[in-house]
Amino acid sequence: MDWWDAQVRDTMLDNAPYWVRFDLDTVLLDTLRSSPRIQSVSHRASISLEQIIQQDAAFDPNVLFESRIGRKNDPVGNELITGGPPRLIEESASARGGIQRTNRRGTQVDLSQELSLLNSNSEFFSPVDQGNSRLSLSLTQPLMQRGGQVYNERLLTQARIDSRVSWQEMRGEVEQRLADVINAYWRLYELRCHLLQQRELLRRGQQIESLLVARQAFDASRIELAKAKQRVARRTDRLLRVTGEIQIQQARFIGLVGSNQLSSAGEKLELVPLEIPTFPSIGLDLRDAFVRGLENRPEVRAVTADLETAALAIKVTRTELEPQLTAVFEAYSAGLNGNFQALQSFTDQFSTGGPGLAGGLKYDMPFGRRAARARHREAHHRYRQRAEELRETMQVTRQEISTAIINAQTAIAQRETKHRLLVTALDEEAILTRRWEMMAGDGANVGTVLETLLDAQQRRTDAEREWTSAVTRYVSSLADLQRAMGTLLINHEITPLREACGNQIHFLRTDPTPQVPMLLNATLPEDTQTTDQPAARRDQPAMIELSSPEFSPDLSGLDRIPADLPRTNAPNAFQHSAVLAGITPTVPNPNRPPEIAFGQPTAVGLPNTAGETVASPLLMPMVMAAGNPAATLRPQRLPIPRPAQTGKLNSFRQRKKE
């Protein structure tokens, strides 16, 4: 019944001298390598990964070295400065080297060694030609909460969370582009099938027209010939429209793939899809699909990471509400000799005399702390905003998954109806064709029978077109369902990888199946060699040969990134995010941070209109211990403000009780 399946894999456009055949996997691989959109978002994710290194490098030690040579020549108005000379003249040369570092708890350490030479015309300058040496150590330690690791690593933690958001956004856009390519692939297949069906319809109409023209001198009437010519003209017009739609779809398909070789071929190239859509038997359950969507949907994970960012901001602003108390400690040891003996002074600073010490506390608190309080309230508002965005994202995810499932179920249900419609249309055309052949030359009824036959031919083609559309709509709905659940890359065994050095991101197939052809290996039309084509195909359009190399990518220097993205090394911020979400996790391994995931539906307490706590079957974020599924989880109520009580609501509650 699907007679067009044998012809849709062959060339059919007369205005395209070159053609290329490909399957869906080839298109997806070429899209991952060639699409400017995918390359753009992958570079954006690489930028966010580089920012992690930049923020982490703030805790690296800095090696400093400075030198200076100078001559001071100042007039003096006090003889006690120079002892007589009217101008103070000093010549100096100094060199200073040291190490500065800020550790992850905010401690600033400055260790430096200075050697200098100094000479002056002052009568009080002794000894002359001085050689100085000074070893200094300075420590500054914030106390209270500002001395914690979470506060001092806030920028690094923020960069890690931003990288997770950027990574999930990249996954989402890559999956969306691949879903668009898959839909465009099956749409191209559908239009090519429509073209074959329309050509067959035109051929049957032309056959009737030719028969009427041959019988015009005998029993064919002019009205019959006019009706046949009218239908042939309409079918030809429809054929031209379908051909134009195929060319437009090819241009859109090439634009989605983004291959320069396909784009350079332009209108001279015909794209021939090789795969035939099928009806795989799968179980479609909304609840299971929704749970998988919450676990894998990039948008959900990105908003969850934004929620962690808001929780981190609350922790930071809460710390900034407290007064700033800093401990300062300084120590030094110095040496001094004449005759420019700076090296001897360097030795004396360890053996002669003793060190100088100083220490103290610095207290700082703005009066009223209005700015700090406003920032803290802003952080709470932003956290509530992110929580609502998470709820909205979950609702959008459920809606998209539900829509995709409904479309797939509708296509499955329409399979039998479209099949019966096609069978009855074929039978109707066969019966009316036989009837018209038997009634040829039988008076005025022949025109009515011919009109009925032409309508039956059109209904058969419409039934074939609807059958093809139902099949392609089903496979497209499966791709949309995978996209809605965030499992499109997983189902196609595509894994994003990043280089160990450089953070450049690559997309590779984890399927070990060899010989994966890629469109990047296609030869351009002007470089195509057609001498190797069989003699029987010399009159056909030239074919762009696709090589099929062994697909064995070099994975050296690449680090696999799991689907849940790199985890941050600041467990306190994550734990605080969990506490703000109303969840108290028990993490057996404190060295590994927890991550926010989504578990099975739990009874989450939400206030009703009467202010009472009721159970809600929402799937809310839960904290899972990283690498430890046995961690104890205890969901609690979310900090959702209760609505204000009104007399109308209270009276309604009383009537309900009565």
Side-chain angles (χ1 to χ4, degrees), residues 45 48 51-52 55 145-146 148-172 294 297-322 369-397 564-585 587 593-599 604-607 616 618-624 626 633 635-642:
S48 64
Q51 291 175 352
I52 297 178
Q55 296 297 335
Q145 292 296 328
R146 300 199 183 206
Q149 184 174 356
V150 173
Y151 180 81
N152 290 279
E153 286 189 344
R154 61 190 183 279
L155 298 180
L156 175 59
T157 305
Q158 180 66 52
R160 285 169 173 161
I161 297 176
D162 291 342
S163 70
R164 295 173 58 194
V165 174
S166 179
W167 185 271
Q168 296 300 338
E169 291 177 351
M170 179 198 68
R171 282 190 58 234
L294 294 181
R297 178 78 178 238
E299 289 82 355
V300 175
R301 293 194 173 191
V303 178
T304 304
D306 288 335
L307 189 65
E308 296 175 4
T309 301
L312 177 64
I314 292 178
K315 179 68 174 180
V316 171
T317 55
R318 181 180 297 170
T319 300
E320 293 175 349
L321 282 174
E322 300 179 356
R369 298 176 294 176
R370 292 196 304 158
R373 294 178 186 275
R375 286 193 296 268
H376 188 59
R377 292 193 300 268
E378 177 188 358
H380 275 281
H381 289 308
R382 183 167 287 109
Y383 182 85
R384 296 188 183 96
Q385 176 191 3
R386 294 289 187 265
E388 295 301 327
E389 290 178 356
L390 176 59
R391 290 181 56 198
E392 181 183 8
T393 304
M394 294 167 60
Q395 293 175 359
V396 172
T397 300
D564 57 353
L565 299 182
R567 296 167 182 160
T568 175
N569 292 327
N572 292 333
F574 278 31
Q575 292 173 358
H576 182 71
S577 175
V579 172
L580 289 177
I583 301 165
T584 304
V587 184
E595 61 175 351
I596 290 185
F598 289 91
V604 180
L606 297 177
S616 175
L618 294 176
L619 289 175
M620 301 305 296
M622 302 184 68
V623 175
M624 305 294 295
L633 303 176
Q636 297 177 349
R637 289 185 297 176
L638 289 177
I640 301 179
R642 299 182 178 180

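The model shown is predicted, which means the values in this text are computed figures rather than measured ones.
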* Compare every heavy atom of L155 with every heavy atom of Q55, then report the nearest pair and how far apart it is. => OE1-CB, 3.3 Å

* **S166 side chain to S163 backbone, donor-acceptor under 3.5 Å** => no

* To do: Assess the side chains of Q168 and R171: does a donor N or O sit below 3.5 Å from an acceptor N or O?
  => yes

* Identified side-chain contact (heavy atoms from CB on, under 4.5 Å) partner of E320 from the options R375, Q145, H376 -> R375

* Test item: I52 and D162 side chains (from C-beta on) under 4.5 Å apart, heavy atoms -> no

* **Carboxylate-amine/guanidinium contact E388 R384, below 4.0 Å** => no

* To do: Report yes if the side chains of R377 and R373 come closer than 4.5 Å at any heavy-atom pair, otherwise no.
  => yes

* Asked: Would you find a donor on one side and an acceptor on the other, under 3.5 Å apart, between the side chain of R301 and the backbone of P298?
  -> no

* To do: Taking all heavy atoms of Y383 and all of A310, pick out the closest pair and write down the distance.
  => CA-CB, 3.5 Å

* Asked: What do you reckon, is CD of E392 surrounded by more than 12 foreign heavy atoms closer than 6.0 Å?
  -> no

* Asked: If we only count heavy atoms from C-beta on, is the D306 to V165 side-chain gap below 4.5 Å?
  -> yes

* Nearest 0.5 Å, what's the CD-CD distance between E378 and Q385? -> 10.0 Å

* **Exercise: identify the closest heavy-atom pair between V150 and K315** => CG1-CG, 4.1 Å

* Side chains of E299 and T397: does their closest heavy-atom pair fall under 4.5 Å? -> no

* E389 and R386 ion-paired at < 4.0 Å -> yes

